[in-house]
Novice: 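Pasting in a structure now, in structure tokens, and then I'll have a few things to ask.
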Number of protein chains: 2
Amino acid sequence: MDNTLVSDQSTEQRILEAARRVFVVKGFAGARMQEIADAAGINKALLHYYFRSKEKLFEQIFREAFGRLLPGLAEIFSRPLPFFRKIELFTETYISLVIEQPYLPVFVLSEMHRNPDDFFQKHIQPEMLASIRQIGRQFAEAAQEGLIRPIDPRQLMLNIMSLCVFPFVGRPMLQRMMQVNDTEYQQLMEARRQSVSAFIIQAIQP
Amino acid sequence: MDNTLVSDQSTEQRILEAARRVFVVKGFAGARMQEIADAAGINKALLHYYFRSKEKLFEQIFREAFGRLLPGLAEIFSRPLPFFRKIELFTETYISLVIEQPYLPVFVLSEMHRNPDDFFQKHIQPEMLASIRQIGRQFAEAAQEGLIRPIDPRQLMLNIMSLCVFPFVGRPMLQRMMQVNDTEYQQLMEARRQSVSAFIIQAIQP
DNA sequence: TTTGTATTTAACCAAATGGTTAAACTATAT
DNA sequence: ATATAGTTTAACCATTTGGTTAAATACAAA
């Protein structure tokens, strides 16, 4: 009565993985249900048997992807740590996260780009915004206390996000522009874990 | 016999503008010829009368967009200027460029993401790569001469690119996360022209 | 007026695509 | 052995979409 556990999980996972790959590369509009089915090693009928529609499948994948992206990061800035240590921890954690799941930022960003408000209303909880504002306040305080060189906290936030995220979002372009192969680029991303926080701290320390 | 000049130009331009808007938001796959025709205030028949196919139309727009993005920037680094001044000039020029044409990076990046190699082979001339390598060498030299703090030149290049480009690519997400309205965000981008170069120089000066 | 280009209208086509359905087969649990 | 869930096959449908075509119209130049 319950072979569903093993079989369901493995097939469902195969589908989800396949869908993720296809959606990430082709986008929602460019993705084909047939291609997803092929990539999962099943057929279209079974695909719709598990996930009723393309939208449903996409939503599920998107929710998973996005859920993994933010929680835990905002939390870092609420810990009782020295300011610079927080920045170190944040960038290192973020970059590590994205190294393991490099598809996340592109996916979220491009979907966000298609219909921003719809997306935002659906997936962003007010708590997230609250913790982001809280981080902004910490930046402002640090500047006022002279702990860091005076800088618009929003610019600082943009800078940190940019340095962490963009090398992953722009990888296809950057990698070819800089003419490095896959393993070299991966090594660069590894090195960024240290490099970025050092760069930021150097830039803002008085 | 030649009313083509006035009429062609204005209609063709209307089409190109409309297509740009649609392609940028929806991507190639998501864009609909009908929607482009509507946005241009004409009908599908006329659309195909001017540009034979969707691919042709897309290619033309893409070529235009991409052509505006790089030339002139690499050139800055070949001028006989102090190193820090080059960085200032580069970031300011780049950010100014993208403020005027904010759709460019998203467009290029997302298309690049769809089929990187095809894209690259088509639109990147070897001269571009040469001048990029040349910039990399300048970074390396500056580090060796002790002009700047020791840093992997590729990381520095990634950092500069990230700081300049990402706030535009990720705008829909960043703007909502930071809860700033359109005019405020534009002001932030204006301010970045100064802010970013200062940030970078502060980070790398010994 | 004639001629040729720009433009519209409207119908049409073929292919792709998301989605459905029914029947059959497999394997497993009870 | 029987029921049940997973899976395949294969046909099918409605809609969308890129693209075409032919006829009519507007319009400016010659």
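Chain naming here is simple, since letters A, B, ... match the order of the sequence lines and numbering starts at 1 in each. Keep in mind that the numbers below use all heavy atoms, side chains included, and drop hydrogens, waters and symmetry copies.
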Novice: Identify which nucleotide among D/dT7, D/dG19, C/dT7 has an atom closest to any side-chain atom of B/Y49, counting heavy atoms from C-beta outward.
Specialist: C/dT7
Novice: Please give, in whole Å, the distance from C/dT17 P to A/F28 CZ?
Specialist: 14 Å
Novice: Please classify the nucleic acid contact of A/E35 as base, sugar-phosphate, or nothing, using heavy-atom distances under 4.0 Å.
Specialist: nothing
Novice: Tell me the interatomic distance from A/L46, atom CG, to C/dA23, atom P, rounded to whole angstroms.
Specialist: 19 Å
Novice: With the side chain of A/A45 defined as its heavy atoms from C-beta on, choose the nearest nucleotide among C/dT9, D/dA10, C/dG18.
Specialist: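 Closest nucleotide to the A/A45 side chain: D/dA10.
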Novice: Atom CG of B/L47 to atom P of C/dT7: distance rounded to whole Å?
Specialist: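 Checked: the CG to P distance equals 12 Å.
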Novice: Within the structure, does a side-chain N or O atom of B/R32 lie under 4.0 Å from either OP1 or OP2 of D/dG18?
Specialist: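 Yes, because at least one side-chain N or O of B/R32 sits under 4.0 Å from OP1 or OP2 of D/dG18.
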Novice: Any donor-acceptor pair under 3.5 Å linking the side chain of B/Q101 with the backbone of B/V98?
Specialist: no
Novice: Just how far, in rounded Å, is C1' of D/dT20 from CZ of B/F51?
Specialist: 18 Å
Novice: According to the interplanar angle, ranging from 0 to 90°, do the rings of B/F107 and B/F23 count as parallel (below 30°), tilted (30 to 60°) or perpendicular (above 60°)?
Specialist: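 If you compare the ring of B/F107 with that of B/F23, the planes turn out parallel.
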Novice: Over all strands shown, is B/A37 touching base, sugar-phosphate only, or nothing at heavy-atom distances under 4.0 angstrom?
Specialist: nothing
Novice: Given the rule in the salt bridge (charged side-chain N to carboxylate O under 4.0 Å, His left out) test, do A/E141 and A/R137 qualify, once you have shown the distances and angles that lead to the verdict?
Specialist: CA-CA 6 Å; A/E141 280 171 26; A/R137 269 195 301 270; 5.5 Å; no
Novice: How about B/F168 and A/F166: are their ring centroids closer than 6.0 Å?
Specialist: no
Novice: Can you tell me if the side-chain N/O atoms of B/Y50 get under 4.0 Å from OP1 or OP2 in C/dA6?
Specialist: no
Novice: I need the CZ-C1' distance between B/R52 and D/dT20, as an integer number of Å.
Specialist: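 These atoms are roughly 12 Å apart.
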Novice: Roughly how many Å is it from CG in B/N43 to P in D/dA26, rounded to a whole number?
Specialist: 15 Å
Novice: To the nearest Å, how far apart are B/I42 CD1 and C/dT7 P?
Specialist: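 The distance from CD1 of B/I42 to P of C/dT7 comes to 8 Å, rounded to the nearest Å.
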Novice: Think B/T11 has a side-chain N or O under 4.0 angstrom from the OP1 or OP2 of C/dT7?
Specialist: yes
Novice: What contact category does B/A29 fall into here, base, sugar-phosphate, or nothing, at under 4.0 angstrom with non-hydrogen atoms?
Specialist: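 If one applies the 4.0 Å heavy-atom cut-off, B/A29 turns out to touch nothing in the nucleic acid.
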Novice: How long is the line joining NE2 of B/H48 and P of C/dT8, in whole Å?
Specialist: 15 Å
Novice: With no hydrogens and no angle check, do the side chains of A/D182 and A/Q186 hold a donor and an acceptor under 3.5 Å apart?
Specialist: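 No.
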Novice: Of B/G41 and A/S53, whose nearest nucleotide on DNA chain C comes first from the 5' end?
Specialist: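 The answer here is B/G41.
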Novice: State whether the distance check finds a donor on one side and an acceptor on the other, under 3.5 Å, for side chain A/K54 versus base C/dG19.
Specialist: no
